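Only a predicted model underlies this, so the values are computations on that prediction, with no experimental measurement involved. Just so you know, residue 1 is the first one in the sequence shown, and it goes up from there.
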Amino acid sequence: MSDQTGPGTPGPAGSGGGDQPGDSAQERVHYAGYQGEPADKSDQDSMSSIFKRAKHPVDTSGAPAGGSGISAGGPDVPAGTSDGPEALGTPPHQTDSTRDPETTVIRAGDAGVAQPTYGERAGGGGGVTVRPPRAEDVDRRAERRAERLIAFWFLISVVGTVGFVITNFVGDKHKAYYTPSLGSALGLAVGGLGIGMILWAKRLMPHEQAVQERHEFTSSKEDIAVTEAEIAAGFADTGLARFPLLRRTLLGAGTVLGGLIVVPLLNLTNSKPGKKLDHTSWVKGARLVTEDGRLVKLGDISIGGIETVFPAIPVTESDGTTTYKPKMDLHAKADSTTILIRLPPGVDRPRKGRENWSIDGHVAYSKICSHAGCPVSLYEQQTHHLLCPCHQSVFDVLDGCRAIFGPASRSLPQLAITADDDGFLYARNGDYDEPVGAAFWERS
């Protein structure tokens, strides 16, 4: 070890020379600017962690920072400093209300200008009223109440988080309470934390009111005159002043174009479909007609055969005769498309009340799948199953076209049919007795 001493170098042990600590561990520990680990862990130095450095701040020379002396719980101060020898401080009682209020900080815009005190208005063109101190700034009881209130909301956040975890892993996902419970718990977790942070910032964190003088934002008269001249020259260049016809037609076009904004609002007043979507084009007495306009008679379809049919609406002519007008427009095809199947004798098992809805093995069902509205067009003769090619839903024709496989959950609606004296098939009761198409109709 060098025996030289001087500024910036450690002096000999026990000597008062030099401004650095000695080499012994004990001297290093008791050096005010020491920031390493102490030799003796039972004698923790105030500089051993960032938390203690924040609690007991010192400047670069090792001396206590302003307001961090012994009275503020700072580190050991060498003899001869302004704070005097080390002494035990007595913190204020929790109910002490005699502390000096923290005044509002006003940053002066001009040096030497006196700032207004609380209750006074700053003169000279709209000053600022100094914010009065908060109750938490002058009353320790109010400060403690605010602290407890903030802690309460943080605990609410903890309860919400724990409730969310428990509900997620223990709750029954198929019960009605599951989703509302998750949402409520998450709301408590996030809301409790947010409310606590807001209260913390509003009631315990320092508030500062700053005032700064600003220059006028109004432009000079010369700048205003130049700008007005430029705008007038630009308007003259457009020619709107010299061409009144263009000006008027431009104004009219802009007005009409702006009127387009009203169109979407007017669409909201259109009449709703109501029960129109619950019905198809089938009516009582409508004959079954193929897509090429041919009326279907008994015997036209062989056993095991199928045919896509549409309604032919009866129309009474002026001479009293009845004709049949096929309904095969786009809207009719969208909801009235029906599949006609001829089953072998004795295999059909009609549901109760539908014993007379078929004739000579001919049964008619809606061709629109009850899952998503796709056309059911594949028929298997051996099993008497109808297959939807879109999502592979399977329907049992012998059991009222009940859905037996796939995403479809509802049977295909059946159309009651019969034949007249000439053998032409027609709708016996009129329209389907239940909505056709996707199953959401049952919940509409």
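- For Asp319, the CG atom is densely surrounded, since the number of other residues' heavy atoms within 6.0 Å is greater than 12.
- At a threshold of 4.5 Å between non-hydrogen side-chain atoms, the residues Phe164 and Leu182 count as touching.
- Here the rule is salt bridge (Lys or Arg N to Asp or Glu O under 4.0 Å) with Asp420, and of Lys297, Arg428, Arg287 only Arg287 fits it.
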Practice problem: Could you walk me through whether Thr418 and Asn356 pass the side chain to side chain contact (heavy atoms under 4.5 Å, CB included) test, one step at a time? | Solution: CA-CA 8 Å; Thr418 187; Asn356 58 353; over 6 Å; no
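- At distances below 3.5 Å, not a single donor-acceptor pair connects side-chain atoms of Trp282 with backbone N or O atoms of Pro311.
- Here Leu288 contributes atom CG and Tyr324 contributes atom OH; the two are 11.5 Å apart, rounded to the nearest 0.5 Å.
- Crowding of Tyr178 atom OH: a count of heavy atoms from other residues, nucleotides or ligands under 6.0 Å exceeding 12.
- Here CZ of Arg247 is found 9.5 Å from CG of Leu245. Values are rounded to the nearest 0.5 Å.
- Taking a cutoff of 4.0 Å between a charged side-chain nitrogen and a carboxylate oxygen, Arg354 and Asp348 do not qualify as a salt bridge.
- Going from atom CG of Leu378 over to atom NE2 of His385 covers 13.5 Å, rounded to the nearest 0.5 Å.
- The line from CZ of Phe243 to CG of Leu250 is 13.5 Å long, rounded to the nearest 0.5 Å.
- Counting only heavy atoms from C-beta outward, the side chains of Pro350 and Gln414 never approach each other to under 4.5 Å.
- Across all non-hydrogen atoms, the minimal contact from Ser281 to Ile313 is O-CD1, 3.3 Å.
- With Glu230 contributing its side chain and Glu228 its backbone, the two residues share no donor-acceptor pair below 3.5 Å.
- Considering all non-hydrogen atoms of both residues, Val138 and Pro133 come closest at CG1-CB, 4.2 Å.
- Closest non-hydrogen pair, Gly430 versus Leu415, comes out as O-CD1, 3.3 Å.
- At least one donor-acceptor pair closer than 3.5 Å links the side chain of His207 to the backbone N or O of Lys202.
- Of all non-hydrogen atoms in Pro413 and Arg410, the two that sit nearest each other are CG-NH1, 4.1 Å.
- Remark: the backbone N or O of Asp172 is paired with a side-chain donor or acceptor of Tyr177 at under 3.5 angstrom.
- For the residue pair Thr338 and Tyr432, a side-chain donor N or O sits within less than 3.5 Å of a side-chain acceptor on the partner.
- Between the Thr238 side chain and the Phe235 main chain, a donor and an acceptor come within less than 3.5 Å of each other.
- If you take CD on Glu136 and CE on Met205, they are separated by 13.5 Å, rounding to the nearest 0.5 Å.
- No donor-acceptor pair under 3.5 Å is formed between the side chain of Thr321 and the backbone N or O of Glu317.
- Using modelled atom types, no side-chain atom of Arg342 and backbone atom of Gly305 make a donor-acceptor pair closer than 3.5 Å.
- Arg351 approaches Asp399 most closely through the heavy-atom pair NH2-O, 3.3 Å.
- Side-chain atoms of Arg203 never come within 3.5 Å of backbone atoms of Ala146 as a donor-acceptor pair (strictly under, hydrogens ignored).
- Residues Phe310 and Thr337 form a side-chain contact, since some pair of their non-hydrogen atoms from C-beta on lies under 4.5 Å apart.
- Within 6.0 Å of the NZ atom in Lys173, the count of heavy atoms belonging to other residues, nucleotides or ligands exceeds 12.
- Of the possible donor and acceptor atoms, none in the side chain of Asp335 sits under 3.5 Å from a partner among the backbone N and O of Thr280.
- A salt bridge (Lys or Arg N to Asp or Glu O under 4.0 Å) with Glu291 holds for exactly one of Lys333, Lys327, Lys367; it is Lys333.
- The aromatic rings of Phe154 and Trp200 sit perpendicular to each other, their planes meeting at more than 60°, with 30° as the lower class boundary.
- Between Ile417 and Leu340, the closest side-chain pair of non-hydrogen atoms falls below 4.5 Å.
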Quiz item: Would Leu199 and Phe152 count as a side chain to side chain contact (heavy atoms under 4.5 Å, CB included) if you check the C-alpha gap in whole Å, the side-chain angles of each, and the deciding distance to 0.1 Å?
Solution: CA-CA 11 Å; Leu199 292 176; Phe152 167 77; over 6 Å; no
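- A 4.5 Å side-chain heavy-atom check between Pro375 and Ile339 finds every atom pair outside the cut-off.
- For CZ of Arg294, the number of neighbouring non-hydrogen atoms (other residues, nucleotides, ligands) closer than 6.0 Å is greater than 12.
- No side-chain heavy atom of Tyr426 sits under 4.5 Å from any side-chain heavy atom of Leu295.
- Among all heavy-atom pairs drawn from Val376 and Leu386, the shortest one is CG1-CB, 3.7 Å.
- With hydrogens and angles ignored, the 3.5 Å screen pairs a side-chain donor or acceptor of His362 with a backbone N or O of Asp360.
- In this structure, Ile306 and Ile301 have side chains that are not in contact, with every pair of non-hydrogen atoms separated by 4.5 Å or more.
- With rounding to the nearest 0.5 Å, the separation of SG in Cys369 from CG in Leu412 is 6.5 Å.
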